[in-house]
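Only one structure is covered here, and it is reproduced in the block below.
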Amino acid sequence: MTPTEPLADDVADDKVRRVVEAGRERGIAVEPVTFPEETRTAADAARAVGCDVAQIVKSLVFTAGLSPILLLVSGANRVDVTVAASAAGVDGLTRADADLAKRATGFSIGATPPVGLANDLPVLMDEDLLRHDVVWAAAGRPDAVFAVEPSALARASGAKVCRLTS
């Protein structure tokens with residue numbers, strides 16, 4: 001699968017445009033790249049981009065009670081909910097279902113970006129993402145991603161960088 005040209009602002013749909021504008025407001029250049037097919041999983045995205053799966057940012061919504069939290073996780077890692085809850089300073093975390101995740105972020109699972117969310121959410125970022133020069137995150141659609149330097153991503157998303165795995 002080969003990426004298409006970056007989306008022009010006048011071509012991008014509203015969700016992608018929201019991510020581009022949020023990135024600009026937060027000091028990162030979001031240049032979405034689209035693919036002919038959806039890249040809903042980290043493995044799909046890594047194959048499409050041509051990078052290691054560890055460079056893919058999984059944007060996962062969990063809840064602490066009724067409060068949603070966004071976790072930005074390396075595509076090679078699985079969240080340890082006990083470790084993540086401790087990092088978040090809460091008693092426990094539960095994975096949000098698709099409906100709750102969309103209500104909390106404004107985006108579908110597999111398309112959730114780290115910026116441009118519908119609501120302000122606490123964000124935790126997997127420290128393993130900092131091992132890479134560039135990581136790839138969803139750009140608001142299941143067929144669109146963008147490249148970003150991990151520390152810039154942490155700043156732009158307001159993320160607390162921490163261990164999320166055991």
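Everything numeric in this text was worked out from a predicted model, so none of it was measured. For this chain, numbers begin at 1 and follow the sequence in order.
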Keeping D97 on the side-chain end and L100 on the backbone end, is there a donor-acceptor pair under 3.5 Å? yes

What one should report as the nearest heavy-atom pair of A154 and V161 is CB-CG2, 3.7 Å

Per-pair distances, 0.1 Å, donor-acceptor, side chain in residues 57-76, under 3.5 Å, sequence neighbours excluded:
unit_1 : atom_1 : unit_2 : atom_2 : d
K58    : NZ     : N77    : O      : 2.5
S59    : OG     : T112   : O      : 2.9
T63    : OG1    : T94    : O      : 3.4
S74    : OG     : A54    : O      : 2.9
S74    : OG     : A76    : N      : 3.3

Heavy-atom nearest pair, V135 first then H132, reads CG1-CB, 4.1 Å

Applying the 4.5 Å side-chain criterion to the ILVMFWY set and letting contacts propagate, would V145 and I109 be lumped into a single cluster? no

#### Entry: N/O donor-acceptor pair under 3.5 Å between Q55 side chain and V134 backbone
yes

Exercise for the section: Could you tell me whether D143 and R141 make a salt bridge, using a distance below 4.0 angstrom between a side-chain N and a carboxylate O? Expected result: yes

Practice problem: Say whether L153 and V19 are linked into one hydrophobic cluster, either directly or through other cluster members, by side-chain heavy-atom distances under 4.5 angstrom. | Solution: yes

I'd like to know if the side chain of N119 and the backbone of A104 have a donor-acceptor N/O pair within less than 3.5 Å. yes

d(L164 CG, D80 CG) to nearest 0.5 Å is 9.5 Å

In short, L117 meets F107 closest at the heavy-atom pair CA-CE1, 4.1 Å

OG (S151) and CG (L129) are apart, to the nearest 0.5 Å, by 11.5 Å

For T39 and A48 the tightest heavy-atom approach is CG2-CB, 3.7 Å

Tightest non-hydrogen contact, residues F146 and A139, listed as CD2-CB, 3.9 Å

*Is S108 reaching over with its side chain to a backbone N or O of A111, donor-acceptor style, under 3.5 angstrom?*
no

- Item | Cationic N near anionic O, under 4.0 Å, D99 to K102 | no

In short, A84 meets V79 closest at the heavy-atom pair CB-CG1, 3.9 Å

Is the shortest heavy-atom distance from the side chain of M125 to the side chain of L130 under 4.5 Å?
-> yes

Partner of V20 under side-chain contact (heavy atoms from CB on, under 4.5 Å), picked from V115, V30, I28, is V30

State yes or no: do V90 and L121 share one hydrophobic cluster built from I, L, V, M, F, W and Y residues joined by side-chain heavy-atom distances below 4.5 Å, directly or via other members?
no

Item to complete: Begin with the C-alpha distance, continue with both residues' side-chain angles, and end with the deciding distance and a verdict on salt bridge (charged side-chain N to carboxylate O under 4.0 Å, His left out) for D14 and R17.
Response: CA-CA 5 Å; D14 289 339; R17 188 174 299 113; 3.0 Å; yes

